[in-house]
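Step one of this worksheet: look at the structure below.
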Amino acid sequence: MKVSLHSMSKSVVTSTLVTSTVVMLIAGSSFTVMAGVEAFKLGPVIKGYGKIAEVNSRLVIPADMKFKVAFDLGNASKPGELNRSIDTLARFINMHVAAGVKLEDISVAMVVHGKAASDMTKDRFYQQLNAGQKNANKDLIAQLINNQVKFYVCGQTAAYYGINPQDLLPGVTMALSALTAHAVLAYEGYSVNPF
């Protein structure tokens with residue numbers, strides 16, 4: 001195999017530039033973040049869920065900002081396990097309150113469709129779909145609802161899976177469709193979280 005001096009020096013220069021850039025980015029950062037799972041602690045509002053890390057952020061949250069954010073959920077958790085996307089709502093609330101945002105300035109909604117609709121059901125219905133497992137999401141959903149989070153289940157999904165309004169956890173609302181719920185939330189001024 002022939003390697004020219006030119007290609008070797010080009011490779012060394014590229015490698016040096018990349019390394020230097022990474023070092024400069026790290027050295028130039030003015031925030032501190034602990035690495036790893038140890039950095040995440042329970043938050044101040046939703047107890048037992050939504051672990052957060054303290055971050056010295058440069059993005060200033062305006063003092064008069066009112067958060068109105070809608071989330072979309074289509075994937076169910078594994079049977080008997082917590083749905084991480086539902087836990088994201090707890091994390092969203094906990095991290096913003098910990099950062100100084102008033103709880104009353106945070107409005108959160110989740111539109112649920114597809115297989116995820118089962119995560120919104122009482123144990124009686126959930127167990128029929130999940131080999132007798134209990135719904136691990138019910139306590140978290142109850143806490144979120146007690147903190148004014150809105151959950152909307154797609155009625156079209158519910159019809160497909162045979163879910164009736166009485167099968168839903170207390171406080172979870174049946175919507176005509178997920179499409180309708182997102183449209184109404186947009187009309188009410190909610191932005192959609194992209195993940």
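Hydrogens, waters and symmetry mates play no part in the numbers below; they use all other heavy atoms, side chains included. Here the structure is a predicted model, which is why all the values come from computation and not from measurement. Position 1 is the first residue of the sequence; numbering continues from there.
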(message) Does Tyr49 form a side chain to side chain contact (heavy atoms under 4.5 Å, CB included) with Leu82? I'd like the steps, not just the answer.
(response) CA-CA 10 Å; Tyr49 302 98; Leu82 187 68; 3.9 Å; yes
(message) Could you walk me through whether Thr121 and Ile163 satisfy the side chain to side chain contact (heavy atoms under 4.5 Å, CB included) test, starting with their C-alpha distance in whole Å, then the side-chain angles of each, then the deciding distance to 0.1 Å, before giving a yes or no?
(response) CA-CA 8 Å; Thr121 61; Ile163 300 170; 4.1 Å; yes
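The two atoms that bring Val108 and Ile106 nearest to each other are CG2-CG2, 3.6 Å, heavy atoms only. The two residues Gly50 and Asn94 make their nearest non-hydrogen contact at O-ND2, 3.2 Å. Of all heavy-atom pairs between Met174 and Asn164, the closest is CE-C, 4.0 Å. The minimum heavy-atom distance linking Ile141 with Met120 is given by the pair CD1-CE, 3.6 Å. For the pair Gly48 and Leu42, the tightest heavy-atom approach, listed with the atom from each and the gap, is C-CD2, 3.7 Å. Of all heavy-atom pairs spanning Ala116 and Leu73, the tightest one is CB-CG, 3.6 Å.
Residues satisfying the side chain to side chain contact (heavy atoms under 4.5 Å, CB included) criterion with Pro62, sequence neighbours excluded, are Asp64, Met65. Scanning for side chain to side chain contact (heavy atoms under 4.5 Å, CB included) contacts around Pro79 gives Asn130, Gln133, with sequence neighbours left out. Scored by the salt bridge (charged side-chain N to carboxylate O under 4.0 Å, His left out) test, Lys51 finds no partners at all (sequence neighbours excluded).
As a member of the Ile/Leu/Val/Met/Phe/Trp/Tyr network built from side-chain separations under 4.5 Å, Ile52 groups with Met95.
Atom CD of Glu81 is separated from atom CG of Asn137 by 10.0 Å, given to the nearest 0.5 angstrom. One distance of note links CD1 of Ile46 with CD1 of Ile93; it measures 4.5 Å at 0.5 Å rounding.
Met110 is not connected to Val192 by any chain of hydrophobic side-chain contacts under 4.5 Å among Ile, Leu, Val, Met, Phe, Trp and Tyr, and they are in different clusters. Side-chain heavy atoms closer than 4.5 Å link hydrophobic residues (I, L, V, M, F, W, Y) into clusters, and following such links, even through other members, never connects Val111 to Val172.
Applying the salt bridge (charged side-chain N to carboxylate O under 4.0 Å, His left out) definition to pairs two or more places apart or across chains, those involving residues 92-118 are Lys66-Asp105. Residue pairs satisfying the ring pair (Phe, Tyr, Trp, His ring centres under 6.0 Å) criterion with at least one member in residues 91-114, sequence neighbours excluded, are listed as follows: Phe67-Phe92, Phe67-His96, Phe71-Phe92, Phe92-His96. Pairs passing the salt bridge (charged side-chain N to carboxylate O under 4.0 Å, His left out) check and including a residue from residues 117-140, sequence neighbours excluded, read Asp123-Lys138, Arg124-Asp167. Listed by first and then second residue, the salt bridge (charged side-chain N to carboxylate O under 4.0 Å, His left out) pairs that reach into residues 140-149 come to none, sequence neighbours excluded. Contacts classified as salt bridge (charged side-chain N to carboxylate O under 4.0 Å, His left out) and involving residues 85-95 (residues at least two apart or in different chains) are not found. Among residues at least two apart or in separate chains, there is no ring pair (Phe, Tyr, Trp, His ring centres under 6.0 Å) pair with a member in residues 114-138.
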Validation: residues 144-158 side-chain donor-acceptor distances under 3.5 Å, sequence neighbours left out:
from   : atom 1 : to     : atom 2 : distance (Å)
Asn146 : ND2    : Ala142 : O      : 3.3
Asn147 : ND2    : Gln143 : O      : 2.9
Gln156 : NE2    : Leu176 : O      : 2.9
Thr157 : OG1    : Gly114 : N      : 3.1

Side-chain atoms of residues 178-191: list all donor-acceptor pairs with protein atoms under 3.5 Å, sequence neighbours left out, distances to 0.1 Å.
from   : atom 1 : to     : atom 2 : distance (Å)
Thr180 : OG1    : Ser177 : OG     : 2.7
His182 : NE2    : Asp72  : OD1    : 2.7

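By the 6.0 Å contact criterion, CG on Asn75 is open, its count of non-hydrogen atoms from other residues, nucleotides or ligands being 12 or less.
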